[in-house]
There are 2 protein chains.
Amino acid sequence: MTPAGRRIVAAAEELFYNRGITAVGVDLIAEHSGVTKRTLYNQFGSKDHLVATYLTGRDQRWRSLVRAAVDAGDTPAEAVTAPFEALRTWSETNTRGCAFINALAELPDPSHPAHRIAANQKLWLLNLFKELATTAGCPHPATLATQLLVLHEGAVATQPLPLDSLPESTDLARALVQAGTSPRH
Amino acid sequence: MTPAGRRIVAAAEELFYNRGITAVGVDLIAEHSGVTKRTLYNQFGSKDHLVATYLTGRDQRWRSLVRAAVDAGDTPAEAVTAPFEALRTWSETNTRGCAFINALAELPDPSHPAHRIAANQKLWLLNLFKELATTAGCPHPATLATQLLVLHEGAVATQPLPLDSLPESTDLARALVQAGTSPRH
DNA sequence: GGGGATGTTTACAGATCAGTATACCTGCGA
DNA sequence: TCGCAGGTATACTGATCTGTAAACATCCCC
């Protein structure tokens, strides 16, 4: 990607996430990235393609953050709930909810690339939970992974409320993992 | 509200929810409700006001459904997780996620009425969980209520994924209530 | 030194946006 | 019978939307 292309994506990310995709026009993105609209269209061809690029970039950054958190876990049981630690960091600078859920809200057409990207992101996290649960020796990895994903998405969705939902979700997630890994009594 | 006003709100609800608020223009709403744009503006004054009316109406319908489910519960413990039963019914005809979360995604301005309505809806459900948990004799109603709300919102958010997340969430919610109401052993 | 990739500048097309203006119709209650 | 609320019909404003046209500048690599 060219330097101008990178600036465009950076501006698009900031504007799309904070103001909404439909509400932000390509003229505004061009202006914020110090670039001509012609250059924007030479690089991305259409607004839809730029939206897809924006979401893909966010997805990659998020996955990197999660992988780092997972790798930083001391025990396999800790690694299972590491994505919740990543979410805590992520939420400090991303206070407008999940960019993918938001994108689906604005782009109802299921054939839009945003739908595939968003679904893949959630399914990636689900599979990660499943693998980590298996590694940690949890008895029902698939069920646990679904529960953890629900808790994760619930924590993101309730982010704007005055609730401290993320610590509660993290605690509950740890308890579920603990119940699976610790011996029954 | 006049007959024309009701038709306008009905058309707005269907279009806003399924296609997105920003993506739907007032002309389209007027056309779908068999009404002139002049009538629409005589009734609601602005698109923002119509959006607020749409969300308020949805909120009332949702609360009625939840209250009915709560009242249908046989035991206090069953009543606590009754909103999950309501969600199951609701999801059959509302497959595009939470209208309030979606509205916040499209309308970033915190002073927009939609923000107040959405926050009130979630806080209403939180308080309902808290009251029901208290009635059922759960030891930590506030904590449990937060957990149940997270599970609820998580189930809504993961609705488009091929996951069966709602049954899992409901089961987990029941287990949490059970752990609180049943005697420790 | 030529040529292609990367940009810029200005202007424009065609559509759609929220909201308004003006004039008219109709049914109902005082 | 009068008046008014509710509604229709059509046209319009000014702004904004995505996307394109055409001509020109710069830089780097072959």
Side-chain angles (χ1 to χ4, degrees), chain A residues 1-57 102-103 105-109 111-115, chain B residues 1-57 102-109 111-115 117:
Chain A
M1 196 178 301
T2 68
R6 278 187 289 271
R7 288 211 310 278
I8 292 169
V9 174
E13 172 150 4
E14 204 246 305
L15 291 168
F16 281 156
Y17 181 68
N18 289 307
R19 304 195 197 179
I21 293 172
T22 315
V24 167
V26 288
D27 297 86
L28 188 64
I29 297 172
E31 189 185 331
H32 271 240
S33 48
V35 144
T36 325
K37 200 162 49 159
R38 201 72 197 82
T39 300
L40 192 153
Y41 275 95
N42 281 341
Q43 292 287 327
F44 300 100
S46 72
K47 184 182 177 181
D48 277 353
H49 190 186
L50 177 57
V51 169
T53 308
Y54 144 63
L55 289 174
T56 302
N102 291 358
E106 295 199 63
L107 310 167
D109 178 8
S111 67
H112 194 288
H115 282 252
Chain B
M1 195 177 303
T2 68
R6 279 187 288 271
R7 289 211 312 278
I8 292 168
V9 174
E13 172 150 4
E14 204 245 308
L15 291 169
F16 281 155
Y17 181 68
N18 289 308
R19 304 195 196 180
I21 294 172
T22 314
V24 167
V26 288
D27 297 85
L28 188 64
I29 296 172
E31 188 185 332
H32 271 240
S33 49
V35 144
T36 326
K37 201 159 52 157
R38 200 72 197 85
T39 300
L40 191 153
Y41 275 94
N42 282 341
Q43 293 287 327
F44 300 100
S46 71
K47 185 183 175 179
D48 277 353
H49 190 187
L50 178 57
V51 169
T53 308
Y54 144 63
L55 289 175
T56 302
N102 291 357
L104 297 196
E106 294 200 64
L107 310 167
D109 179 7
S111 67
H112 194 288
H115 282 254
I117 297 169

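The residue T2(A) sits close only to the backbone: its heavy atoms come under 4.0 Å of sugar-phosphate atoms, none of a base.
Taking the nucleotide of DNA chain C with the nearest heavy atom to each of Q43(A) and K37(A), the more 5' of the two is matched to Q43(A). Taking for each of K47(A) and G34(B) the nucleotide of DNA chain D with the nearest heavy atom, the 5'-most of the two is the partner of G34(B).
Of the candidates dA18(C), dG6(D), dT8(D), dT8(D) carries the atom nearest the V35(B) side chain, counting heavy atoms from C-beta on. Across dA9(D), dT18(D), dG19(C), the shortest atom-to-atom separation from the side chain of V26(A) is found for dT18(D). Listed nucleotides dG7(C), dT20(C), dG19(D) differ in distance to Y41(B); the shortest reach to its side chain belongs to dT20(C). For R38(B), the listed nucleotide lying nearest its side chain is dA21(C); candidates were dC17(C), dT20(D), dA21(C).
Looking only at atom types and distance, the side chain of E106(A) has no donor-acceptor partner in the side chain of T22(B) under 3.5 Å away.
Distances shown here put every side-chain N or O of T39(A) at or beyond 4.0 Å from the OP1 or OP2 atom of dT6(C).
The distance from atom CG of L28(B) to atom P of dC17(D) is 19 Å, rounded to the nearest whole Å.
Between V35(B) and Q43(B), every side-chain heavy-atom pair lies at or beyond the 4.5 Å cut-off. The closest side-chain heavy-atom distance from V26(A) to Y41(A) is below 4.5 Å. Within the 4.5 Å cutoff, the side chain of I8(B) has no heavy atoms near those of the T53(B) side chain.
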